[in-house]
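Presented below is the structure to which this report refers.
For the numbers below, each heavy atom of this structure counts, side chains included, while hydrogens, waters and symmetry mates do not. Throughout, a chain's letter reflects where its sequence line sits, starting with A, and its residues are numbered from 1.
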Protein chains: 2
Amino acid sequence: MTKAAKFDRQAVVKKATDLYWEKGFHATSMRNLQEVIDMRPGSIYATFGSKEGLFKEVLQYYADMSLAQLTAYSQNTTSPINALKLFFNSAVIDSKHTAPSGMCMLVKTISELTDDNGELLSEAKRLLTVIETAMQDILNDAKKCGELSKGEDTARLARYLQMQLMGLRTYARANNSDVSVTELINDIFGNKPFLAQD
Amino acid sequence: MTKAAKFDRQAVVKKATDLYWEKGFHATSMRNLQEVIDMRPGSIYATFGSKEGLFKEVLQYYADMSLAQLTAYSQNTTSPINALKLFFNSAVIDSKHTAPSGMCMLVKTISELTDDNGELLSEAKRLLTVIETAMQDILNDAKKCGELSKGEDTARLARYLQMQLMGLRTYARANNSDVSVTELINDIFGNKPFLAQD
DNA sequence: GAATTTATTGAACGATTGTTCAATTTTAGC
DNA sequence: GCTAAAATTGAACAATCGTTCAATAAATTC
């Protein structure tokens with residue numbers, strides 16, 4: 001008989017991620033989770049400790065996936081800036097249609113939670129800074145290969161990109177038109193816009 | 001004897017807004033609400049119908065407040081663009097410290113809710129477009145008084161601003177530094193940044 | 001001021017929440 | 001193949017959820 005696949009923690013975490021991502025922390029019940037990951041309460045608590053414990057592991061998994069995707073784009077193109085643009089398009093357009101929620105799960109989490117779940121809240125914040133740093137690394141690569149002038153402050157640019165990405169994904173969730181969103185991405189990485197005053 | 005203040009619906013809605021704004025829809029319990037607005041369940045249900053009914057009224061109240069603030073800034077300055085900038089600063093900086101949550105309540109709502117609360121979700125989306133339109137109106141004023149060139153697409157600019165505001169407030173919640181955020185606002189309304197490519 | 005309508009109360013409802021744990025099944029060691 | 005250890009089960013717990021409604025209080029009408 002085939003060796004039974006031993007308990008696949010990652011597969012379980014992935015399923016939990018989909019549910020938590022879609023419904024958020026509070027609207028997801030343990031009984032919801034039990035069905036989706038096909039485990040009984042005792043096993044879940046033995047493995048993950050609590051609803052919060054599982055959520056924390058889910059946050060880490062989500063961030064790992066995001067970072068992996070960023071790395072993948074970065075390795076498949078010679079242009080770091082283009083890798084970032086692909087990452088943006090993927091996060092905003094694709095994830096809106098295929099992912100459980102168009103929202104970034106980390107943003108959704110810091111938006112939902114309060115100090116009542118302080119550990120989860122600060123963990124989500126921490127992971128967002130990790131991703132911001134990963135974008136900064138790519139911007140530094142862009143400097144090296146001449147896509148970005150040496151004088152640029154990559155920390156500031158990364159912060160700016162992170163903020164844009166938060167706005168984009170949220171805007172995409174609030175509005176149904178994809179074309180507006182594509183326009184917005186082009187605005188960010190390209191041309192103009194702006195309200196320069198005085 | 002002084003005429004007893006008749007049931008002050010707005011005062012009640014305001015208190016409910018603060019609680020819902022802070023904790024979100026799901027994490028706010030009716031018993032929480034009962035204490036904060038000092039009404040018994042029967043009265044609440046007679047007046048607002050349900051937890052959702054009260055939340056819907058809260059959303060409307062919140063949007064009204066935002067629009068009123070935008071109008072106030074617009075009337076206190078001769079520069080429409082400056083009015084927008086003041087609105088941004090107020091929404092991002094002030095609200096982070098004084099408001100129940102640094103997040104925009106409408107954004108927080110579309111981030112939290114799913115189709116399980118479809119009416120509340122679409123109402124929040126609708127109110128966001130109302131605010132976007134109000135910003136567009138101000139941009140049109142800016143055109144009239146020469147602050148914006150006649151060729152500008154104010155609908156597109158308003159969309160862009162809305163997206164920026166969503167990103168800014170979310171970023172401000174995720175990070176504690178106010179200076180970074182002020183820098184970001186200056187970037188939006190002013191100078192440069194940018195990753196112009198090809 | 002009595003009668004009638006309207007508003008308010010708070011105990012109670014059934015459903016669901018996150019979590020526990022004794023009982024059972026599965027695995028591992030020899 | 002028997003025994004000890006580890007993992008899994010699912011019924012059950014107390015707490016809390018959103019909501020209802022008969023009983024009471026307040027306001028209004030004539």
Side-chain angles (χ1 to χ4, degrees), chain A residues 1-13 15-59 109 112-121 123, chain B residues 1-13 15-59 109 112-121 123:
Chain A
M1 126 194 202
T2 71
K3 182 156 69 173
K6 69 168 283 236
F7 170 64
D8 189 343
R9 191 182 186 100
Q10 174 155 321
V12 165
V13 171
K15 286 179 193 160
T17 302
D18 286 347
L19 186 61
Y20 270 133
W21 190 0
E22 184 199 342
K23 319 222 336 166
F25 180 75
H26 283 113
T28 301
S29 73
M30 288 305 288
R31 285 174 174 75
N32 259 171
L33 278 166
Q34 289 166 36
E35 292 168 17
V36 166
I37 71 182
D38 191 32
M39 287 174 76
R40 262 39 65 197
S43 297
I44 299 179
Y45 279 82
T47 309
F48 301 103
S50 66
K51 187 185 182 187
E52 284 202 298
L54 176 51
F55 191 83
K56 192 170 177 181
E57 198 154 325
V58 158
L59 285 181
T109 299
E112 177 185 6
L113 297 186
T114 66
D115 287 336
D116 292 352
N117 303 100
E119 195 181 334
L120 295 179
L121 180 55
E123 179 66 3
Chain B
M1 119 187 195
T2 71
K3 184 155 68 173
K6 70 168 285 236
F7 170 64
D8 189 343
R9 190 181 188 102
Q10 172 154 323
V12 165
V13 171
K15 286 179 194 161
T17 301
D18 285 347
L19 187 60
Y20 270 133
W21 190 359
E22 184 199 342
K23 317 218 345 163
F25 180 74
H26 282 114
T28 301
S29 74
M30 288 306 287
R31 285 172 173 79
N32 259 173
L33 237 17
Q34 289 166 35
E35 292 166 18
V36 166
I37 71 182
D38 191 30
M39 287 174 75
R40 261 39 64 197
S43 297
I44 299 178
Y45 279 81
T47 309
F48 300 103
S50 66
K51 187 186 180 185
E52 285 202 297
L54 176 52
F55 192 83
K56 191 170 177 179
E57 199 154 324
V58 158
L59 285 181
T109 298
E112 176 185 7
L113 298 186
T114 67
D115 287 337
D116 291 350
N117 304 99
E119 195 181 336
L120 296 179
L121 180 54
E123 179 67 1

Can you work out whether A27(B) or G42(B) has the more 5'-proximal nearest nucleotide on DNA chain D? A27(B)

Would the number of heavy atoms belonging to other residues, nucleotides or ligands and lying under 6.0 Å from CD of E119(B) be above 12? no

Rounded interatomic separation in angstrom, taking CE from M39(B) and P from dG18(D): 16 Å

Please give, in whole Å, the distance from dT17(C) P to M30(B) CE? 18 Å

Closest to the side chain of R31(A), out of dT19(C), dG10(D), dT19(D), is dT19(C)

In whole angstroms, the gap separating C1' of dC17(D) from NZ of K23(B) amounts to 14 Å

Whole Å only: how far is the CZ atom of F55(B) from the P atom of dG18(D)? 13 Å

Can you name the closest pair of heavy atoms from V58(A) and V13(A) and give their distance? CG2-O, 4.0 Å

What nucleic acid atoms does T28(B) come within less than 4.0 Å of, heavy atoms only: base, sugar-phosphate, or nothing? sugar-phosphate

Could you state the atom-to-atom distance from CD1 of I37(B) to C1' of dG18(D) in whole Å? 14 Å

How close do F25(B) and E112(B) get, counting heavy atoms only, and between which atoms? N-OE1, 3.0 Å

Could you check how far CD1 of I44(B) sits from P of dT9(C), rounded to whole Å? 10 Å

Using a strict 4.0 Å threshold on nitrogen-to-oxygen distance, state whether D116(A) and K23(B) make a salt bridge. yes

If you check the S29(B) side chain, which of dT19(D), dG10(D), dC17(D) turns out closest? dC17(D)

Value rounded to 0.5 Å, distance of OG1 in T109(B) from CH2 in W21(B): 11.0 Å

In whole Å, I'd like the distance from the CD atom of Q34(A) to the P atom of dG18(C). 9 Å

How many whole angstroms separate atom OH of Y45(B) from atom C1' of dC17(D)? 9 Å

Contacts of S50(A) and D38(B) projected onto DNA chain C by closest heavy atom; the upstream (5') one is D38(B)

Nucleotide of dA11(C), dT19(C), dG10(D) approaching P41(B) most closely (side-chain heavy atoms): dA11(C)

When we call it a touch if two heavy atoms are under 4.0 Å apart, what does S43(B) touch: a base, just sugar-phosphate, or nothing? base

